[in-house]
Colleague: 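Handing you a structure now.
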There are 2 protein chains.
Amino acid sequence: MVTGSMDTEIIIAIVAFVFFMVGVYLHKKSLHVDQFPKTGVNREKTKSLEISPREYEVLKEVALGLSNKEIADKLFLSESTIKTHVSNLLVKLNAKRRTHAIQIAHELKII
Amino acid sequence: MVTGSMDTEIIIAIVAFVFFMVGVYLHKKSLHVDQFPKTGVNREKTKSLEISPREYEVLKEVALGLSNKEIADKLFLSESTIKTHVSNLLVKLNAKRRTHAIQIAHELKII
DNA sequence: TCCATTTTGGTACTTTAGTATGAGCTACTT
DNA sequence: AAGTAGCTCATACTAAAGTACCAAAATGGA
């Protein structure tokens, strides 16, 4: 308040700043964590399969039944890029085609 | 046996024949019943979607990640027939493509 | 800064998938 | 017997998917 001492105002400012930074930090963290469940189990499993975060993201879209073009539009990428990711996924999951990849991913419980 | 009467042999033959037919009948019946789980829940759901038994069978193979050709070989059918079944499934499940059909089928808990 | 990985994208092809249409055959129902 | 639904298969296309190979940015550490 206007009648408050300078010290009080500084403390309030510091507290506000700290919470602001906490807010920024948590938000930034959430952007990464949200890719994978809180447990991080999936991230561990995909890591062991050498599946990159982007590839995993594409895998989830494939499992939703989207076409390469639809995934490309959704993630703001070219269809060419999606094909690359899917092709890499097939190798890493040892799948013959995308439907097979979906089945394997379910078996491994990574989606 | 050689010492048996003609009547006895005829009776044995008839009994054998009857059991043979029972065996054939039960086997044929089992081929149909085994298509769906004992509960019949899936059969009810697929019926409401107007999905035929054969189509449902193909759907399960699609979900396993098999190609049309592989499904054809597994079920001793032509690839052409599988295409027809899959095409009909897409309409009945309101799916754009087979991966989409898999996702929908999971949602409906019919596979 | 240098290195390794990831991400992105392109071209050129081959292979699967999917659609449209027609047709014969069987089994069940009215 | 006639109709209906299900199953089978074919031909002829169009559309996706997938492969192979290459290459330029971006990213994140060592």
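Quick caveat, the model's predicted, so the values are computed rather than measured. The sequence lines fix the lettering, A, B, ..., with proteins before strands; numbering per chain opens at 1.
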Colleague: Reading DNA chain C from 5' onward, which residue's closest nucleotide shows up sooner: E79(A) or K83(B)?
Modeller: E79(A)

Colleague: So what does S67(A) touch, heavy atoms closer than 4.0 Å: a base, only the sugar-phosphate, or nothing?
Modeller: sugar-phosphate

Colleague: For T81(B) and S78(B), which I'm curious about, is there any donor-acceptor pair between the side chains at under 3.5 Å?
Modeller: yes

Colleague: dC9(D), OP1 or OP2 - any side-chain N/O from T81(B) closer than 4.0 Å?
Modeller: yes

Colleague: In whole angstrom, give the distance that lies between atom CZ of R98(B) and atom C1' of dA17(D).
Modeller: 11 Å

Colleague: How many Å lie between CG on L66(A) and P on dA16(D), as a whole number?
Modeller: 14 Å

Colleague: Look at the side-chain N and O atoms of S78(B) and state whether any lies under 4.0 Å from the OP1 or OP2 oxygen of dT8(D).
Modeller: no

Colleague: dA17(D) P sits how many Å from K96(A) NZ, rounded?
Modeller: 20 Å

Colleague: Nearest whole angstrom, please: distance from the C1' of dT16(C) to the CD1 of I71(B).
Modeller: 12 Å

Colleague: Tell me every residue that passes side-chain hydrogen bond (donor to acceptor under 3.5 Å, both in side chains) with D73(A), counting only those two or more places apart in sequence or in another chain.
Modeller: K69(A)

Colleague: If the helix axis at each end comes from five base pairs, how far does the helix from dT1(C)-dA30(D) to dT30(C)-dA1(D) deviate from straight, to 10°?
Modeller: 50°

Colleague: Tell me whether the OP1 or OP2 atom of dA16(D) has a side-chain N or O from N68(A) closer than 4.0 Å.
Modeller: no

Colleague: Expressed in angstrom and rounded to an integer, what is the separation of K69(A) atom NZ from dG9(C) atom P?
Modeller: 12 Å

Colleague: Rounded to the nearest 0.5 Å, what separation is found between the CG atom of L66(A) and the CG atom of L64(A)?
Modeller: 5.5 Å

Colleague: Answer yes or no: does a side-chain N or O of H85(A) lie under 4.0 Å from OP1 or OP2 of dG9(C)?
Modeller: no

Colleague: Taking the side chain as everything from C-beta on, heavy atoms only, tell me whether R43(A) gets closer than 4.5 Å to P53(A).
Modeller: yes

Colleague: State which residues pass side-chain hydrogen bond (donor to acceptor under 3.5 Å, both in side chains) with S87(A); sequence neighbours excluded, sorted by chain then number.
Modeller: none

Colleague: At under 4.0 Å, does any side-chain N or O of S87(A) touch on OP1 or OP2 of dG18(D)?
Modeller: no

Colleague: Report yes if at least one side-chain N or O of S80(A) is closer than 4.0 Å to OP1 or OP2 of dT11(C); otherwise report no.
Modeller: no

Colleague: Given that R97(A) and K92(B) both sit by DNA chain D, which one's nearest nucleotide is further toward the 5' end?
Modeller: K92(B)

Colleague: How close do H100(B) and K96(B) get, heavy atom to heavy atom, and via which atoms?
Modeller: ND1-N, 3.1 Å

Colleague: Donor-acceptor pair, distance only, cut-off 3.5 Å: does the side chain of K92(B) make one with the backbone of E50(B)?
Modeller: yes

Colleague: With a 4.0 Å cutoff (strictly under), does any side-chain N or O of T84(B) reach OP1 or OP2 of dC9(D)?
Modeller: no

Colleague: Between P on dC21(D) and CG on N88(A), what's the gap in Å once rounded to a whole number?
Modeller: 14 Å

